[in-house]
Amino acid sequence: MIIVLKPNCTVEQLNHFTEGLKHDYDVKVNTWVGTQSTVLGLIGDTSAIDIDYIAAQDFVESVKRVQEPYKKANRKFHPDNTVITLPGGQKIGDGSLSIIAGPCSVETEDQICEVAERVKTAGAQFLRGGAFKPRTSPYAFQGLKADGLELLREARKKTGLPIVTEIMSAAHLPLFEDVDIIQVGARNMQNFELLKELGKIRKPILLKRGLSSTIEELLMSAEYIMAGGNDQVILCERGIRTYETYTRNTLDISAVPILKRLSHLPVIVDPSHASGIAWLVEPLAMAAVAAGADGLIIEVHNNPAKALSDGAQSLTPDQFDHVAKRVFTAAKLLRTEG
């Protein structure tokens, strides 16, 4: 249930009202204070609450029931966009276009530092790189693990770029204490025990949509994190599995405006995993910008032909420089007109 209060509602009225709701109906009340109004989100069994009684209060503007099972991620509860702000001042969701770029896997110090310097020069604000790699084959390269995290820290030291890397197990959380943004991969989107643990920390979480997951399932996974107290969640559309076999996955570009309508959380797009083909990254990235994405996450490798994972979908630094110029230009044009 959502209750919108009038602007003239006093703090004393608000506190008395919310305490009464908690006591009388055994519900949890989330309070969001916006620029124009105060919104109360009631979580729990609200079937016994008399809507007419609530609406009759002098300080209540409107009241309505919410059918969606996700509450904290719901835009109805939180009308303003959530902006993720890192200690260094980098933002995702503030209206600008954010780009996260780097190799699928961290391989060597020279490799990750070279790529980091190149993507930063091209305009990327964040560095991605896999230290722990979930692979379909148990014989494929699984990542450098803790050593890979150390190399990412070295690249951050040299470039100042915040690092984004994937976690595969809650047991690894101590290793991720100084990772700037923790990524939950598509395979772990419904690893609910991991999501619960990530809800206990105060660090941005980049949550990728599962390859066979619905939009509502993605939002429910975000809800798991937010229900634990961590509201710093970034949603990522990275393609879903369909009947089409030409591409690795099928980019659901419609998910971007749908997620922006349903949720207040930032939405980014991964055109690299969506296609699995390097030459498709640019047109899919442009489509994502046109659809209103808050950012992109793009794989860049200094020598894709010799990459230990996902070389076929990785851009060279020169190719990334070209793509970055185009998407930044498109974003500036579209958002100026908007």
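For clarity, every value in this text was computed on a predicted model and none was experimentally measured. Along the sequence shown, residues carry numbers from 1.
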- Yes or no on side chain to side chain contact (heavy atoms under 4.5 Å, CB included) for Y70 and F77, after CA distance, side-chain angles and deciding distance? CA-CA 10 Å; Y70 49 91; F77 281 75; over 6 Å; no
- Message: Test of understanding: clusters of I, L, V, M, F, W, Y form through side-chain heavy atoms closer than 4.5 Å, transitively. Do L211 and L219 belong to the same one?
- Response: no
- Item | Side chain to side chain, Q319 and E282, heavy atoms closer than 4.5 Å | no
- Query: Any ion pair linking E299 and R128 (charged N to carboxylate O, less than 4.0 Å)?
  - Reply: yes
- Task: Flag the pair K203 and D180 as a salt bridge only when some basic side-chain nitrogen lies within less than 4.0 angstrom of an acidic carboxylate oxygen.
- Result: no
- Between atom NE2 of H273 and atom CZ of R209, what is the distance when rounded to the nearest 0.5 Å? 15.5 Å
- Would V323 end up clustered with V300 when hydrophobic side chains under 4.5 Å apart are linked, directly or stepwise? yes
- Message: Between D110 and T108, do the side chains contain a donor N or O and an acceptor N or O under 3.5 Å apart?
- Response: no
- Item | Spatial distance of atom OH (Y224) from atom CG (L207) [nearest 0.5 Å] | 13.0 Å
- Task: State, to 0.1 Å, how close A122 and A324 come at their nearest heavy-atom pair, and which atoms those are.
- Result: O-CB, 3.6 Å
- Message: Are there over 12 heavy-atom neighbours, none belonging to R261, within less than 6.0 Å of that residue's CZ?
- Response: no
- Quick one: does V281's side chain get under 4.5 Å of Q313's, heavy atoms only? no
- Message: Within the 4.5 Å heavy-atom criterion, are M226 and Q232 side-chain neighbours or not?
- Response: no
- Less than 4.5 Å apart, any side-chain heavy atom of L161 and any of F126? no
- Message: Test of understanding: clusters of I, L, V, M, F, W, Y form through side-chain heavy atoms closer than 4.5 Å, transitively. Do V269 and L262 belong to the same one?
- Response: yes
- Message: Over 60° means perpendicular and under 30° means parallel, so tell me whether F17 and F59 are parallel, tilted or perpendicular.
- Response: perpendicular
- Checking salt bridge (Lys or Arg N to Asp or Glu O under 4.0 Å) for the pair E223/K72: CA distance, chi angles, key distance, verdict? CA-CA 6 Å; E223 194 78 6; K72 293 181 177 292; over 6 Å; no
- Out of curiosity, T329 OG1 to L97 CG, how far, rounded to the nearest 0.5 Å? 10.5 Å
- Message: Applying a strict under-4.5 Å side-chain criterion to I, L, V, M, F, W and Y, I'd like to know whether V29 and L14 cluster together.
- Response: yes
- Task: Using the salt bridge (Lys or Arg N to Asp or Glu O under 4.0 Å) rule, take K208 and D270 through it: C-alpha gap first, then chi angles, then the decisive distance, then the call.
- Result: CA-CA 9 Å; K208 286 197 164 187; D270 180 346; 2.6 Å; yes
- In I163, T165, D178, the residue satisfying side-chain contact (heavy atoms from CB on, under 4.5 Å) with L149 is T165
- Without hydrogens or angle criteria, can the side chains of S254 and D252 be said to hold a donor-acceptor pair below 3.5 Å? yes
- Task: Heavy atoms only: give me the nearest G292-V256 pair and the separation to one decimal.
- Result: C-CG1, 3.8 Å
- Message: What I'd like to find out is whether the side chain of L218 reaches to under 4.5 Å of the side chain of S213, using heavy atoms alone.
- Response: no
- Message: Between V63 and V39, is there shared hydrophobic-cluster membership here, with clusters defined by ILVMFWY side-chain heavy atoms closer than 4.5 Å?
- Response: no
- Got a second to check how far E216's CD is from E68's CD, nearest 0.5 Å? 8.0 Å
- Specify the closest pair of heavy atoms between A155 and A116, including all atoms of both residues, with the distance to one decimal. CB-CB, 4.1 Å
- Quick one: are L173 and I182 in side-chain contact, heavy atoms under 4.5 Å? yes
- Should the pair E61-K6 be classified as a salt bridge under the 4.0 Å nitrogen-to-oxygen rule? no
- Item | Side chains of K64 and M1 in contact at under 4.5 Å (non-hydrogen atoms) | no
- Task: Could you grab the distance from atom CG of L127 to atom CG of L152, nearest 0.5 Å is fine?
- Result: 6.0 Å
- Quick check: are there more than 12 heavy atoms from other residues, nucleotides or ligands sitting under 6.0 Å from CZ of R241? no
- Message: Under 4.0 Å between a side-chain nitrogen and a carboxylate oxygen: does that hold for D310 and R248?
- Response: yes
- Side chains of K120 and T159: do they bring a donor and an acceptor to under 3.5 Å? no
- More than 12 heavy atoms of other groups within 6.0 Å of D26 CG: no
- Stepwise salt bridge (Lys or Arg N to Asp or Glu O under 4.0 Å) check, D318 with R118: CA-CA 8 Å; D318 287 343; R118 288 296 305 272; 2.6 Å; yes
- Just wondering, do I92 and I181 contact through their side chains at under 4.5 Å, heavy atoms? yes
- Message: Whether the S275 and T247 side chains hold a donor-acceptor pair (N or O, under 3.5 Å, no angle test) is what I'd like checked.
- Response: no
- Message: Can you confirm whether D58 is buried at CG, in the sense that more than 12 heavy atoms of other residues, nucleotides or ligands lie under 6.0 Å from that atom?
- Response: no
- Message: With a 4.0 Å cut-off on N to O distance, would you call K158 and E109 a salt bridge?
- Response: yes
